[in-house]
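Heads up, the thing below is written out as structure tokens.
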Protein chains: 2
Amino acid sequence: MARRSYHHGDLRNALLSKALELIEEEGPEAISLREVARQVGVNHRAAYRHFEDKRALTAAIAETGYAALADALESCWQQAQRKQPRARVEALMDRYLELAFEAPARYRVTFGNRVNEDGRFPELEAAAQRAFQVLVQAMGQLRPKAPLAETRDAVFALWSMAHGYLRLVWARRIRVKQQLQIKYFRALAAPFLDGWARP
Amino acid sequence: MARRSYHHGDLRNALLSKALELIEEEGPEAISLREVARQVGVNHRAAYRHFEDKRALTAAIAETGYAALADALESCWQQAQRKQPRARVEALMDRYLELAFEAPARYRVTFGNRVNEDGRFPELEAAAQRAFQVLVQAMGQLRPKAPLAETRDAVFALWSMAHGYLRLVWARRIRVKQQLQIKYFRALAAPFLDGWARP
DNA sequence: ACCTGAACACCGTTCAAGT
DNA sequence: ACCTGAACACCGTTCAAGT
């Protein structure tokens, strides 16, 4: 009886955080409802009370991923308030990559097709939008006269570069020492930011 | 007996092309040795004669992916011989995206972590390198005086952008009408190429 | 040499009970 | 209401035979 401390309403969270642990250890493909339930100490059917199916658990992971990203970017944006626009953008980029490299499996699940591709799980949108907005502000400040549409294009371009960089590094198509991973991306993105700042 | 036309040495290819069919229909996660073997008409154990395990089949798919990419870029490079350097780079970008959008599941498997992350399957490297070399040539021609190291950085930046763009489009983080997907990327990459061409 | 089939330890999901 | 356990139809992989 003592081990069943989850019947008080936090079983959902217990399952979720165990799932987060597991994917970082075993990789994003290794999520298994049964294994997660087993490690938490409940019957695998109990998990279905809180997650409709496996994809719903995956979506819950993605939600923490987008939220963590949005929170990190927002607080980074505040903290870099007194810096120059260019340095502020760079601080955001660094923070973005930092978070991704800290929890690669979660990052991959967050942007994975399983949860995003068919528009099920609209609850992911809010946090994703929040992260996006910070970037729009930052790029806007870097070139204040730019029309919003162009600023959004620039954000998409930079975001694409950062996202692709992460995946190419993880896939060993880009090889760079761990210590330099973030610094190297700054170098790759610099020409783009230069071009954006003075068109 | 008649249906067993695979015992003549082409079972490996039969399995491989059936696997390619299946992932485009059902998504990259849906590869199953048993299902592939079933559809080809052999016992699932027969597949193990040609692929050591499931990851080996996945790697074989990735090999066709890298090879297709390299071939497409090489022939595109030749065909665009008389164009200006900038137009040549754009032709390569277009071709790259075209191929990815034609067979998204294969593209994702090709650059997926399952096959690339641990350096098993070194046979993938050759084709990947071949594709990379075409891009290095193209970017080099766009700024002939650039040192090789900088040219390689520029290729990594552009490649990251293209790769990230694809995944963000597939994950519905970037929303763009099918007809405009390739054109829109040209617009996103333009500032970067401008900056690279005239530093 | 090459293919088969039973067996093992896993999945996700459904159904019918249990408290 | 919430949790359980048996059952179903799948996996990948191993082992021991079959031709």
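Keep in mind that what you see is a predicted model, and the values were worked out from it rather than measured. Lettering follows sequence order; numbering is per chain, from 1.
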What's the [atom1]-[atom2] distance between [X] and [N], to the nearest Å?
X	N	atom1	atom2	answer
A/Leu11	D/dC2	CG	C1'	10 Å
B/Gln39	D/dC11	CD	P	10 Å
B/His50	C/dC3	NE2	C1'	11 Å
A/Phe51	C/dG12	CZ	P	13 Å
B/Arg38	D/dA9	CZ	C1'	10 Å
A/Glu29	D/dG12	CD	P	13 Å

Does the plane of the ring in A/Tyr96 sit parallel, tilted or perpendicular to the ring in A/Phe111? Use 30° and 60° as the thresholds.
tilted
Whether over 12 other heavy atoms sit under 6.0 Å from B/Glu117 CD
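Count over threshold, so yes.
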Distance only, no hydrogens: is a donor on one side chain within 3.5 Å (strictly under) of an acceptor on the other, for A/Gln141 and A/Gln137?
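No, no side-chain donor-acceptor pair sits under 3.5 Å.
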When every nucleotide of nucleotides 13-19 of chain C is labelled 5' to 3' by its protein contacts under 4.0 Å (heavy atoms), B for base, S for sugar-phosphate only, - for none, what sequence of letters results?
BBB----
Which part of the nucleic acid does B/Ile31 contact within heavy-atom distance under 4.0 Å: base, sugar-phosphate only, or nothing?
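Here B/Ile31 touches the backbone only, sparing every base.
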Is the shortest side-chain N/O distance from B/Ser32 to OP1 or OP2 of D/dC10 below 4.0 Å?
no
N or O in side chain of B/Asn43 less than 4.0 angstrom from C/dG5 OP1/OP2
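Affirmative; the distance criterion is met.
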Partners of A/Thr151 by side-chain contact (heavy atoms from CB on, under 4.5 Å), sequence neighbours excluded?
A/Val136, A/Met139, A/Ala146, A/Trp196
Taking only residues two or more places apart in sequence, or in another chain, which ones meet B/Arg82 in a side-chain contact (heavy atoms from CB on, under 4.5 Å)?
none
Tell me if a side-chain donor or acceptor on B/Arg114 pairs with a main-chain N or O of B/Thr58 at a distance below 3.5 Å.
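Flag not set: sc B/Arg114 to bb B/Thr58 has no pair under 3.5 Å.
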Apply side-chain hydrogen bond (donor to acceptor under 3.5 Å, both in side chains) to B/Trp159 and A/Tyr165, showing your working.
CA-CA 8 Å; B/Trp159 192 13; A/Tyr165 175 74; over 6 Å; no
Residue pairs, two or more places apart or on separate chains, that pass salt bridge (Lys or Arg N to Asp or Glu O under 4.0 Å) and touch residues 147-171 of chain B:
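Counting only pairs at least two positions apart or across chains, the salt bridge (Lys or Arg N to Asp or Glu O under 4.0 Å) contacts touching residues 147-171 of chain B are B/Arg143-B/Glu150.
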Residue pairs fulfilling salt bridge (Lys or Arg N to Asp or Glu O under 4.0 Å) with at least one residue in residues 126-142 of chain B, sequence neighbours excluded:
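Found B/Asp71-B/Arg130, B/Glu74-B/Arg130.
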So what stems show up for DNA chain C if we need 3 or more Watson-Crick or G-U pairs in a row, all under 3.5 Å?
C:4-8 with D:12-16, C:12-16 with D:4-8
